[in-house]
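The structure under discussion appears below in the form of structure tokens.
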2 protein chains.
Amino acid sequence: MKYIEKLRNSGLRPTKQRLQICEVLFNRDKTFHFTINELEQRIKKHTDNKISLATIYNTIHAFEKKGYLKQIPINSNQTYFDTNVTDHHHFYDLKDEKLIDLEKSDVGPINILRKIDGKKIKSVEVLVKLED
Amino acid sequence: MKYIEKLRNSGLRPTKQRLQICEVLFNRDKTFHFTINELEQRIKKHTDNKISLATIYNTIHAFEKKGYLKQIPINSNQTYFDTNVTDHHHFYDLKDEKLIDLEKSDVGPINILRKIDGKKIKSVEVLVKLED
DNA sequence: CACTTTTTTAGAATCATTATAAACTGCAAA
DNA sequence: TTTGCAGTTTATAATGATTCTAAAAAAGTG
């Protein structure tokens with residue numbers, strides 16, 4: 001199993017549940033944008049045994065803390081996550097409520113000219129809302 | 001009362017509650033970033049009579065629909081609103097959980113090079129997260 | 001004033017997320 | 001391999017923001 005090492009290296013025990021969630025999250029070509037609810041549905045389809053909702057939350061938070069996932073800032077009642085943890089941005093299709101990755105090169109350089117004393121910039125995220 | 005016309009012009013009856021909320025929201029020098037919870041506290045201090053929480057939600061949504069307020073996309077369990085409805089961006093101080101306006105001129109032009117068929121860009125929002 | 005429509009309200013309902021505490025599991029040391 | 005224990009999983013309860021409901025109150029109109 002290719003995810004065992006990954007988990008072990010980051011101090012997470014490679015449990016059956018975590019490995020199955022890894023399969024759903026990372027064993028794919030494109031990056032994956034999801035809410036916990038959507039992920040739960042996919043896990044249900046993909047695996048035979050049930051994984052508790054609490055475990056899904058636990059795992060996603062653990063993965064996020066380890067840097068395997070990113071939260072996407074967006075106004076929604078549900079939290080969106082992204083398997084693409086590189087520095088990039090998003091389109092958000094307001095009608096379909098779907099996210100699309102926007103590579104840094106698609107946006108061009110962003111120069112934050114203002115500085116705040118005693119603070120440093122951790123990230124710069126761009127959300128481009130789309131309508132028909 | 002200076003807000004009566006504003007409300008009437010947008011088809012909202014200028015009720016006592018709405019006028020009081022207008023005072024708290026708009027009668028200030030700087031732009032105001034808030035959650036419903038914070039707003040409720042301020043209303044409690046500012047006004048003698050109690051305004052129901054449901055009314056606060058109703059009013060904020062009505063004002064947002066009329067374009068007097070904007071939601072700010074951010075990862076938080078609570079929704080943030082902004083009285084600054086001009087096209088601008090935000091710093092978000094992760095430690096203090098506070099927002100700071102970033103004028104467009106502080107960010108410079110943003111050029112979205114990629115296009116999505118059949119969709120047009122409604123807004124471009126930049127969130128700059130700050131750490132110590 | 002009489003009547004209609006909008007608004008307010010308290011409280012219930014909903015829904016995402018987090019907490020709890022007991023059972024289970026991976027894993028390292030004996 | 002067995003034992004012991006920290007780390008995990010789990011069902012369920014709890015929380016907290018937000019929305020819904022339906023009845024009362026207020027605003028607008030003639």
Side-chain angles (χ1 to χ4, degrees), chain A residues 1 3-25 33-44 47-66 68-69 71-81 97, chain B residues 1 3-25 33-44 47-66 68-69 71-81 97:
Chain A
M1 276 286 236
Y3 299 112
I4 291 181
E5 276 311 300
K6 177 174 178 166
L7 290 175
R8 240 196 276 273
N9 287 341
S10 48
L12 296 172
R13 286 188 182 171
T15 64
K16 184 168 47 123
Q17 291 87 344
R18 283 176 180 162
L19 290 170
Q20 288 176 336
I21 293 174
C22 278
E23 286 292 334
V24 175
L25 290 179
H33 302 121
F34 64 94
T35 63
I36 296 286
N37 189 49
E38 288 164 4
L39 179 59
E40 196 190 7
Q41 303 310 313
R42 298 215 185 210
I43 289 170
K44 216 175 278 177
T47 71
D48 298 332
N49 64 312
K50 186 182 177 305
I51 298 181
S52 157
L53 183 57
T55 299
I56 297 176
Y57 273 99
N58 288 342
T59 302
I60 293 308
H61 288 147
F63 286 4
E64 191 202 0
K65 195 169 293 179
K66 295 299 180 184
Y68 301 146
L69 293 172
Q71 268 191 245
I72 303 172
I74 199 173
N75 281 128
S76 169
N77 53 331
Q78 289 178 85
T79 304
Y80 278 80
F81 294 90
E97 296 186 346
Chain B
M1 277 288 239
Y3 299 113
I4 290 180
E5 276 312 299
K6 176 175 180 167
L7 290 175
R8 240 195 275 273
N9 287 341
S10 48
L12 296 173
R13 288 185 181 173
T15 65
K16 186 168 46 120
Q17 290 86 342
R18 283 176 178 161
L19 291 170
Q20 287 177 336
I21 292 174
C22 278
E23 286 292 333
V24 174
L25 289 179
H33 301 121
F34 63 94
T35 62
I36 296 288
N37 189 50
E38 287 164 4
L39 179 60
E40 195 190 8
Q41 302 310 314
R42 298 216 185 211
I43 290 171
K44 215 174 277 177
T47 71
D48 297 333
N49 63 313
K50 186 183 178 304
I51 299 181
S52 157
L53 183 57
T55 299
I56 297 175
Y57 274 99
N58 288 343
T59 303
I60 293 309
H61 288 147
F63 285 5
E64 191 201 0
K65 194 169 291 177
K66 295 298 180 185
Y68 301 147
L69 293 172
Q71 269 192 246
I72 303 171
I74 198 173
N75 282 128
S76 169
N77 55 328
Q78 290 179 84
T79 304
Y80 277 81
F81 294 90
E97 296 185 346

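Heavy atoms only: backbone and side chains are in, while hydrogens, waters and symmetry mates are out. This structure is a prediction, so every number in the text was calculated from the model and none was measured. Below, chain A is the first sequence line, B the second, and so on; all start at residue 1.
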To the nearest 0.5 Å, what is the distance between [atom1] ([X]) and [atom2] ([Y])?
{"X": "B:Y80", "Y": "B:E97", "atom1": "OH", "atom2": "CD", "answer": "5.5 Å"}
{"X": "A:T79", "Y": "B:N77", "atom1": "OG1", "atom2": "CG", "answer": "8.5 Å"}
{"X": "B:F63", "Y": "B:L12", "atom1": "CZ", "atom2": "CG", "answer": "6.5 Å"}
{"X": "A:Q71", "Y": "A:H61", "atom1": "CD", "atom2": "NE2", "answer": "6.5 Å"}
{"X": "B:R13", "Y": "B:R18", "atom1": "CZ", "atom2": "CZ", "answer": "9.0 Å"}

Provide the closest heavy-atom pair for B:I74 versus A:N75 in the form atom of the first, atom of the second, distance.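 It is N-ND2, 4.4 Å.
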
To the nearest angstrom, how far is [X] atom [atom1] from [N] atom [atom2]?
{"X": "A:I56", "N": "D:dT8", "atom1": "CD1", "atom2": "C1'", "answer": "14 Å"}
{"X": "A:L7", "N": "D:dT9", "atom1": "CG", "atom2": "C1'", "answer": "15 Å"}
{"X": "B:E40", "N": "D:dG16", "atom1": "CD", "atom2": "C1'", "answer": "13 Å"}
{"X": "A:I21", "N": "D:dT9", "atom1": "CD1", "atom2": "C1'", "answer": "10 Å"}

When every nucleotide of nucleotides 18-24 of chain D is labelled 5' to 3' by its protein contacts under 4.0 Å (heavy atoms), B for base, S for sugar-phosphate only, - for none, what sequence of letters results? BBB----

When you list every nucleotide of DNA chain C with an atom under 4.0 Å from a heavy atom of chain B, which one comes first 5' to 3', and which comes last?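 Listing 5' to 3', DNA chain C meets chain B from C:dT5 to C:dA10.
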
Check: B:T47 side chain, B:K44 main-chain N or O, donor-acceptor pair, under 3.5 Å: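 Looks like no, no N/O pair under 3.5 Å.
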
Side chain B:R8, main chain B:P14, donor-acceptor under 3.5 Å: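 Here the side-chain-to-backbone pair does not exist.
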
Tell me every residue that passes side-chain contact (heavy atoms from CB on, under 4.5 Å) with A:K16, counting only those two or more places apart in sequence or in another chain.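 A:K16 satisfies side-chain contact (heavy atoms from CB on, under 4.5 Å) with A:Q20, A:N49 once adjacent residues are dropped.
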
Considering just the side-chain nitrogens and oxygens of B:Q17, establish if one lies under 4.0 Å of OP1 or OP2 belonging to D:dA25.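 Answer is no, no contact under 4.0 Å.
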
Using rotation axes that map the C1' atoms of four end pairs onto the next four (five pairs an end), what angle separates the end axes of the helix from C:dC1-D:dG30 to C:dA30-D:dT1, to 10°?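 End axes: 30° apart.
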
Can you list, pair by pair, the side-chain donor-acceptor contacts under 3.5 Å of residues 53-60 of chain A, counting residues two or more places apart and other chains?
residue: A:N58; atom: ND2; partner: A:A54; partner atom: O; Å: 3.3
residue: A:T59; atom: OG1; partner: A:T55; partner atom: O; Å: 2.7

Atom pairs, N/O to N/O, protein against nucleotides 28-30 of chain D, distance under 3.5 Å?
residue: D:dG28; atom: OP1; partner: B:R8; partner atom: NH1; Å: 2.9

Go through the steps for A:I21 and A:Y3 under the test side-chain contact (heavy atoms from CB on, under 4.5 Å), then give the verdict. CA-CA 10 Å; A:I21 293 174; A:Y3 299 112; over 6 Å; no

Could you go through B:E40 and B:N37, starting from their C-alpha distance and side-chain angles, then the distance that decides it, and tell me whether this counts as side-chain contact (heavy atoms from CB on, under 4.5 Å)? CA-CA 5 Å; B:E40 195 190 8; B:N37 189 50; 4.0 Å; yes

5'-most by nearest nucleotide on DNA chain D - A:K16 or B:T15: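 Comparing both residues, the 5'-ward one is A:K16.
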
